[in-house]
Amino acid sequence: MPGVHVKICGLRTATEAAACAELGASAIGLNFVPGSVRRIAPDLAREIARAVRATGARTEIVGVVADLSLAEMRALMTEAELDCLQLHGAEPPSLLEPLLPRAYKAVRIGSEDDVALARSYPGAHLLVDAKVDGMLGGSGVAFDWDLVRDLANERKLTLAGGLRPDNVAAAVAALQPFCVDVASGVESEPGVKDLAAVRAFIDAARS
Ligand SMILES: O=C(O)c1ccccc1NCC(=O)[C@H](O)[C@H](O)COP(=O)(O)O
């Protein structure tokens, strides 16, 4: 796959997810976080995962979770046939360790202290997102990318938070991250992906 990896997050139908895979998404995110408009049940996630794999695309199926136990995370991976997990809650580094390399931590960044927190997590891969009060993710808000400039050289970094078709090229140019991630920035309404916007996002990220 040429250029930066692209993760499209918060898919809720097999049709949309398969289309994202065919458009060249490196990964899709399936959301299991209570309260999220993008949350789906494990049986629907499994149906989506199978539809994506049936396209023949090498698109990774990522489960987005928050504050589950190790046993719950392992059971979810099996039940929903996920490739890996994105931990979006207040999980300590010790909870991530036994899941490596099939999991990575998402850290919400608002200050240098948050960058230090991100560095405390094991594994090659990290996701950095905006820190917005009362929201674990999917905020549509960008943060100060300068805060993670060094981190982008230290880890396989997925940059998230407020990315859209019209700013993702600037983000890639600024940080050269391993991956860029989007949820709300390619939606026609909360939880519904706009496939033209998905295409524009992927094209802009790799332009
Ligand atoms: O998207 C959500 O609704 C969400 C809710 C709770 C935890 C995580 C969530 N999303 C995780 C993602 O990977 C999103 O793509 C990421 O937060 C960026 O979202 P956006 O700023 O809307 O592009």
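All ligand and atom numbering here is 1-based and tracks the order in the structure.
Looking at ligand 1, you'll find an N or O of G162 within less than 3.5 Å of one of its N or O atoms. By the 3.5 Å distance cut-off applied to N or O atoms, G185 is not counted among the residues near ligand 1. For a threshold of 3.5 Å applied to N or O pairs, the pair formed by G138 and ligand 1 contains at least one separation below that value. Distances between N or O atoms of A160 and those of ligand 1 include no value under 3.5 Å.
For G10, the heavy-atom gap to ligand 1 stays at 4.0 angstrom or more. At least one heavy atom of G161 sits less than 4.0 Å from an atom of ligand 1. Every heavy atom of R164 sits 4.0 Å or more from the atoms of ligand 1. Put simply, part of N31 is less than 4.0 Å from ligand 1, judged by heavy atoms.
Of the protein's non-hydrogen atoms, the one nearest atom 12 (C) of ligand 1 is C9 SG, 3.4 Å. In terms of protein heavy atoms, atom 13 (O) of ligand 1 is closest to Q86 NE2, 2.9 Å. R38 NH1, 3.0 Å is the protein heavy atom nearest to atom 1 (O) of ligand 1. Among all protein heavy atoms, the one lying closest to atom 18 (C) of ligand 1 is D181 OD1, 3.5 Å. Of all protein heavy atoms, the one lying nearest to atom 11 (C) of ligand 1 is H88 NE2, 3.5 Å. For atom 23 (O) of ligand 1, the closest non-hydrogen atom of the protein is A183 N, 2.9 Å. Shortest contact from atom 22 (O) of ligand 1 to any protein heavy atom: S184 OG, 2.5 Å. Distance from atom 17 (O) of ligand 1 to its nearest protein heavy atom, with residue and atom name: D129 OD2, 2.5 Å.
With hydrogens and angles ignored, the 3.5 Å screen pairs no side-chain donor or acceptor of K105 with any backbone N or O of L126. Formation of a donor-acceptor pair under 3.5 Å by the R102 side chain with backbone atoms of D83 is found in this model. In terms of modelled atom types and a separation under 3.5 Å, the side chain of T55 and the main chain of E22 share no donor-acceptor contact. T78 contributes a side-chain N or O that, together with a main-chain N or O of R74, makes up a donor-acceptor pair within less than 3.5 Å. A donor-acceptor distance shorter than 3.5 angstrom exists from the side chain of H88 to the backbone of L136, with no hydrogens or angles considered. Under the 3.5 Å distance criterion, the side-chain polar atoms of R108 are left unmatched by any main-chain donor or acceptor of D133.
Contact annotation for M135 and ligand 1: no heavy atom of the residue comes within less than 4.0 Å of the ligand. Contacts between V64 and ligand 1 below 4.0 angstrom, taking non-hydrogen atoms only, involve the side chain exclusively.
Through side-chain heavy atoms spaced under 4.5 Å, either directly or across other Ile, Leu, Val, Met, Phe, Trp or Tyr residues, M135 is tied to V132, V141.
For the atom pair CG of L23 and NZ of K193, the computed distance is 13.0 Å after rounding to the nearest 0.5 Å. Here E79 contributes atom CD and M77 contributes atom CE; the two are 13.0 Å apart, rounded to the nearest 0.5 Å.
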Table please: side-chain donor-acceptor pairs of residues 173-186 below 3.5 Å, with sequence neighbours left out.
from : atom 1 : to : atom 2 : distance (Å)
D181 : OD2    : K7 : NZ     : 2.4

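Short contacts between ligand 1 and G140, defined as distances under 4.0 Å to a heavy atom of the residue, involve ligand atoms 20 (P), 21 (O), 22 (O). Listed by number with element, the atoms of ligand 1 under 4.0 Å from a non-hydrogen atom of V182 are 15 (O), 23 (O). Below 4.0 Å from some heavy atom of K7 lie the following atoms of ligand 1, by number and element: 13 (O). Of all atoms in ligand 1, listed by their number and element, those nearer than 4.0 Å to a heavy atom of S139 are 21 (O), 22 (O).
Here the options are T15, T13, I61, I28, the test is side chain to side chain contact (heavy atoms under 4.5 Å, CB included), and the partner is I48; only I28 passes.
Inter-residue side-chain proximity for R119 and E154 is flagged as met; some heavy-atom pair is nearer than 4.5 Å. Side-chain atoms of V37 and E189, non-hydrogen and from C-beta on, never get closer than 4.5 Å to each other.
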